[in-house]
Structures are given as C-alpha cells and as structure tokens.
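Just so we're clear, the structure is a prediction, and the values are computed from it rather than from any experiment.
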Amino acid sequence: MRNALIICRKELRSYFVSPVAYVLLTLWGVVFGYFFWAELGVFLKYSMESQMSGRMYPMNLNEQVIRPLLQNVAVIGLFFLPMITMRLFAEEKRTGTIELLVTSPIRDLEIIIGKWLAAMLLYCCLLLFTVFHFLFLFKYGNPDLKPILIAYLGLLLEAGAMLAIGTFISSLTKNQIIAGATTFAVLILLWVLAWSDFSNAGWSRVLAYMSLVTHSESFMRGVMDLKDGIYYATLIFLGLFFTARSMESLRWRS
Amino acid sequence: MINVKELSKRYARTTAVDHISFDVAKGQIVGFLGPNGAGKTTTMRILTCFMPPSSGTATVAGFDVLEQPMEVKKRIGYLPETPPLYPEMETAEYLKFVGQLKGLSGAELQKRVDYVCERCSVADVRNKLLGKLSKGYRETRDLIRSLAGSHTIILSTHILPEVEQTCEQVVIINKGKLVATDSVRNLQARARGAESIMLEVASRNGSLEISMVQQKLERVAGVSRVLCKHQVDSRAFFEVETQKGRLLRGDLARAVVESGWDLNELRPAAMSLEEVFLQLTEKDAPAESAAAKGAQP
C-alpha cells in the first residue's frame with residue numbers, strides 16, 4: 001500500500017506541475033459555472049413568476065437546481081475523464097519510464113491502484129469546484145444536505161468506474177490521443193446503452209441495465225441502492241483487473 | 001553475484017538470445033557488448049525481471065529472476081537505454097522517488113539522496129527540473145548506479161571507449177550467441193595475434209623518400225602491410241601490420257637502420273577494444289574463441 005501511495009503522489013505531482021490539472025480545473029470551472037448560472041437563472045425566473053402571479057408554485061432547490069446540476073456534472077465528466085486517464089500509462093510507455101516502474105520492487109497492482117487513485121483525487125478536485133457553488137445555495141436558501149451527499153457519492157462511484165476503464169485503455173497503447181479517444185467512445189457507448197430500453201425484449205433491458213446512467217439515477221434522487229453500488233464496484237474491479245492483465249502482457253509480448 | 005545459465009529468449013520468429021551463460025562476481029564491473037540486435041537489451045531485460053526467459057536460468061545474488069523477482073528487483077539498479085526520466089520532476093525529487101521505489105525511507109533515504117547528489121556532482125542542479133537539465137542524462141546514468149546500492153555492474157552498451165575506461169571484464173555477444181567472456185586485457189592480447197607496429201623514421205640529409213622506406217619495410221619477411229600515416233619534413237610515421245604470431249620488431253629496426261635512416265621511435269600499437277570487438281563479432285565462428293566454450297552444452 002505504501003508503494004501505491006508513492007506512485008499516487010508522483011502522478012498527482014505530474015498533474016499539478018504540468019499545466020494539465022490547471023487547464024482541466026479552469027475549463028471545468030468555466031463550463032460548470034455556466035451550467036450553474038443558467039440553471040439558477042431559470043429557477044429564479046420561475047420563482048419570480050410564482051410570486052408575481054400570486055399562485056405559489058412548488059419550489060424546491062434540491063429538485064429543481066441541485067439534482068439537474070449534479071446530473072450535468074456526470075455528463076461534463078464524460079468529456080473530462082478521458083483527459084485525466086489518457087496519459088496514465090500511455091505516456092510512460094512512450095517515454096520508457098514504465099521500465100523503471102516495472103523493474104522496481106513493487107507490484108503491478110500497486111502501480112495501477114496508485115495511478116487510478118491519483119486520477120480519482122484529481123476528479124475530487126474538480127468536484128470541489130462544484131461544492132463552492134452549492135455553498136451559495138446554502139447561504140441564501142435551505143436545501144436538504146443528505147440527498148446532496150448521496151448524489152456526490154454516486155458521482156464518485158461513477159467516476160471511479162469510468163476512470164478504471166480509462167486506465168485500462170491507457171495501458172493498451174503508447175499514444176495518448178488514441179487512449180483518450182477510445183476511452184471517450186467506450187464511455188459514451190456505456191452511457192447511451194440506457195436508451196436501448198425501447199422494447200420489452202429481454203436483451204434490450206439487459207443492455208439498458210449495463211448503462212452507467214441507469215445506476216446513477218437512484219443516487220441522484222438521494223437514494224442509496226446496494227445493487228447500484230455493486231455495479232460500480234464491479235466496473236472498478238474489472239477495469240483495474242484488466243489493466244493488470246494488460247501490464248502482464250507487456251512482459252510477455254515486448 | 002550474477003549467474004546466467006543457458007539463457008534463451010525466443011520470439012515468434014527470431015531467437016534473440018541463444019543459450020548464453022556467464023557469471024559476474026561480486027565487485028566486478030562488466031562490459032556487456034554486442035552489435036545492434038545482438039540480444040543485449042533482451043538479456044538485460046531478463047536479468048531485471050522485465051520479461052521472463054524462454055529457457056535457462058538467471059540468478060541475481062542467489063535469487064532466481066522467475067521465482068523471486070521481488071528479491072531480485074530490490075537488489076538491482078537498472079538504467080535502460082532511454083533513461084527513464086520524468087521531465088516534470090526535480091533532480092533530488094526524482095532520486096527520492098527512485099529510492100522510495102527501492103524501499104528506502106526516512107533518514108536513510110535522505111542520506112542516500114544527498115550522497116548521490118554529492119557523488120555525481122549534481123548538487124548544484126538538485127532543484128532543477130529534469131526536463132531542463134542539459135545532457136543531464138549522463139549524470140543520471142551514474143546517479144542510478146549509485147542509488148542501486150549494488151556493487152556489481154553490468155554495463156550494456158555499444159560505446160566501446162566507455163567500456164574500455166570502466167570495465168575490467170567484458171562479455172561479448174553476437175546474434176544472440178556468446179562470443180567471448182574475458183578480461184579486457186586478455187581479449188586485447190588474444191586478438192593481437194596479428195600485431196601492428198608504429199615506426200617513426202627520419203632521414204639525416206633532409207629529404208626522405210616515402211616509397212623507398214615503404215619498399216624496404218615490405219621486404220622484411222612476415223610483414224603483411226605498410227601504411228604511411230603522415231610525414232613531417234624529413235620524418236615520417238608508418239604503421240606496419242605483421243602476420244600472425246611473428247615478432248618482427250628487431251627485423252624492422254635493423255631494416256631501417258641498415259638503409260641509412262634514423263629510427264626515432266618503434267612501438268607496438270595497442271589494439272583498441274573496438275578493433276577487438278569488430279574482429280570477434282565479424283567472424284562467424286565464435287567457437288574459435290576459447291572463452292566461448294562455456295556456452296556450449
């Protein structure tokens with residue numbers, strides 16, 4: 001575990017010494033800031049109308065602002081996460097530094113977990129940006145905290161699964177662009193599988209059940225469901241497991 | 001310290017390493033030589049547990065590379081052809097990272113990093129980014145060596161002068177097969193079978209006929225080739241190659257003096273490792289070299 005932390009620290013450092021982390025954080029801030037502004041604008045207009053007309057519409061910050069915003073966070077993540085994972089292994093394979101790691105007395109799994117953990121922590125930094133925005137809602141309104149926390153847990157699990165998939169794909173190539181593009185395509189497919197629930201046929205329901213979105217819905221509603229947690233945990237495990245197999249093949253094929 | 005026995009590595013179509021055996025004793029610095037594609041990198045990668053051998057065994061400090069890779073990796077410092085540097089790390093930080101990977105920590109790690117910085121004279125670029133170091137990799141080459149804490153070194157390279165300066169022992173492979181393992185001095189002596197001699201000849205009366213000297217020298221029995229290296233006024237430098245096993249220094253000296261010229265200098269030209277290397281790897285019968293016997297089953 002100590003070794004995984006060494007790797008994790010090194011990865012985090014390289015995110016934050018290079019412009020990568022700052023560019024991602026800035027772009028994320030701009031994009032999420034716009035979503036927040038637009039969503040809140042609609043909410044304010046709606047509540048204004050409600051007051052002007054004298055009829056009280058049911059207004060709820062959690063339902064009308066926070067939940068759609070957090071759902072959007074997952075969508076923005078779909079675009080940002082491949083950029084976090086694409087360099088993890090591809091860059092080391094290109095520059096040859098992977099040879100240093102592989103010939104050091106640490107286990108493959110420690111390397112993989114360290115890298116994945118660093119990606120998770122960078123994602124946490126991105127999420128922290130969104131937290132600042134919500135603090136304003138707590139200052140001027142009184143949203144319910146518990147569903148927000150559960151939604152964040154859902155976001156973390158979902159991102160964990162997506163990052164594990166990205167880590168695996170990055171270990172397959174030396175080319176960061178290929179890693180990024182492939183990850184993006186795979187994640188989008190996993191996303192839109194939810195749309196295949198159009199007929200009553202068993203296979204279409206199975207496909208839809210495999211989608212990343214299907215399992216985030218209950219979290220977003222503030223409900224913790226064990227089966228959704230297990231789904232994400234399984235994806236994380238599979239992603240990291242396949243990464244380990246891919247690293248092993250590096251030894252046999254090279 | 002390092003024992004390699006009958007080591008082979010086969011790829012789908014080629015055999016990169018073909019039944020190689022050699023030993024490196026503790027404290028030795030060994031040059032591992034071979035032309036491009038000879039199997040140097042493959043052998044090194046097997047020794048560092050980067051990839052497994054197809055057959056044969058290799059042990060480092062008594063630990064088998066297949067059975068106990070972790071123990072082996074703890075005891076080696078490996079610097080691949082492309083130095084594995086992270087451009088976004090500072091020198092000292094990089095050393096710390098490598099040290100941590102090796103399992104060092106705390107005061108011991110700090111001491112080791114300081115030692116390496118001092119020892120390899122990179123103390124003044126301690127806090128510089130590796131990506132900004134000019135030709136920093138040469139220094140790092142030494143850095144990792146020292147960090148490894150190992151006392152046996154295999155230097156795999158095709159830069160021969162480097163080997164000549166640092167190694168007492170060399171292992172030469174070609175096309176995956178062992179060609180020779182011996183000390184540098186022995187190899188040079190063995191390869192010198194055909195000796196070449198440097199001569200400086202001068203004339204007393206001002207002018208020196210190069211072709212005359214050349215003819216005279218060529219007439220000495222046992223001489224295979226005479227080359228005029230260069231001429232300064234009435235002096236000229238010749239390189240004489242002699243046939244294998246003939247000692248002709250006396251004959252050559254006599255030939256010069258008897259023709260009325262002065263002999264200013266006469267010395268055997270030491271064969272550079274490069275010449276030895278070329279001689280050994282260019283012929284196709286490695287069995288001819290006595291040292292290769294160990295490689296045969």
Kindly give the heavy-atom pair with the smallest separation between [X] and [Y], and that separation in Å.
{"X": "A:G96", "Y": "B:P84", "result": "O-CB, 4.1 Å"}
{"X": "A:R2", "Y": "B:G103", "result": "NH1-CA, 4.1 Å"}
{"X": "A:P105", "Y": "B:K74", "result": "CB-CG, 3.6 Å"}

Residues, nucleotides or ligands: over 12 heavy atoms within 6.0 Å of [X] [atom1]:
{"X": "A:M224", "atom1": "CE", "result": "no"}
{"X": "A:M120", "atom1": "CE", "result": "yes"}
{"X": "A:F136", "atom1": "CZ", "result": "no"}
{"X": "A:L128", "atom1": "CG", "result": "yes"}

Residue selection (most heavy-atom pairs with chain B, distance under 4.5 Å) from A:L101, A:N3, A:T95: A:L101
So which residues of residues 106-113 of chain A are in contact with chain B at a heavy-atom cut-off of under 4.5 Å?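 Answer by number: A:I106, A:R107.
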Using only non-hydrogen atoms and a strict under-4.5 angstrom cutoff, which residues of residues 5-24 of chain A touch chain B?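 Counting heavy atoms that sit under 4.5 Å from chain B, the residues of residues 5-24 of chain A involved are A:I6, A:I7, A:R9, A:K10, A:R13, A:S14, A:V17.
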Counterpart residues, side-chain hydrogen bond (donor to acceptor under 3.5 Å, both in side chains), relative to B:D23 (two or more places apart): B:N3
Find the distance between [atom1] ([X]) and [atom2] ([Y]) and round it off to the nearest 0.5 Å.
{"X": "A:S104", "Y": "B:M70", "atom1": "OG", "atom2": "CE", "answer": "9.5 Å"}
{"X": "B:L101", "Y": "A:T103", "atom1": "CG", "atom2": "OG1", "answer": "9.0 Å"}
{"X": "A:L100", "Y": "B:Y78", "atom1": "CG", "atom2": "OH", "answer": "11.0 Å"}

What part of B:T42 gets closer than 4.5 Å to chain A, counting heavy atoms only: side chain, backbone, both or neither?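 Neither part.
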Using non-hydrogen atoms and a 4.5 Å limit, figure out which bit of B:E71 sits close to chain A: side chain, backbone, both or neither. neither
Just so I understand: if I count every heavy-atom pair under 4.5 Å between each of B:C49, B:A12, B:S105, B:P52 and chain A, which residue has the most? B:P52
Considering residues at least two apart in sequence or located in another chain, which fulfil the salt bridge (charged side-chain N to carboxylate O under 4.0 Å, His left out) criterion with B:D18? B:K177
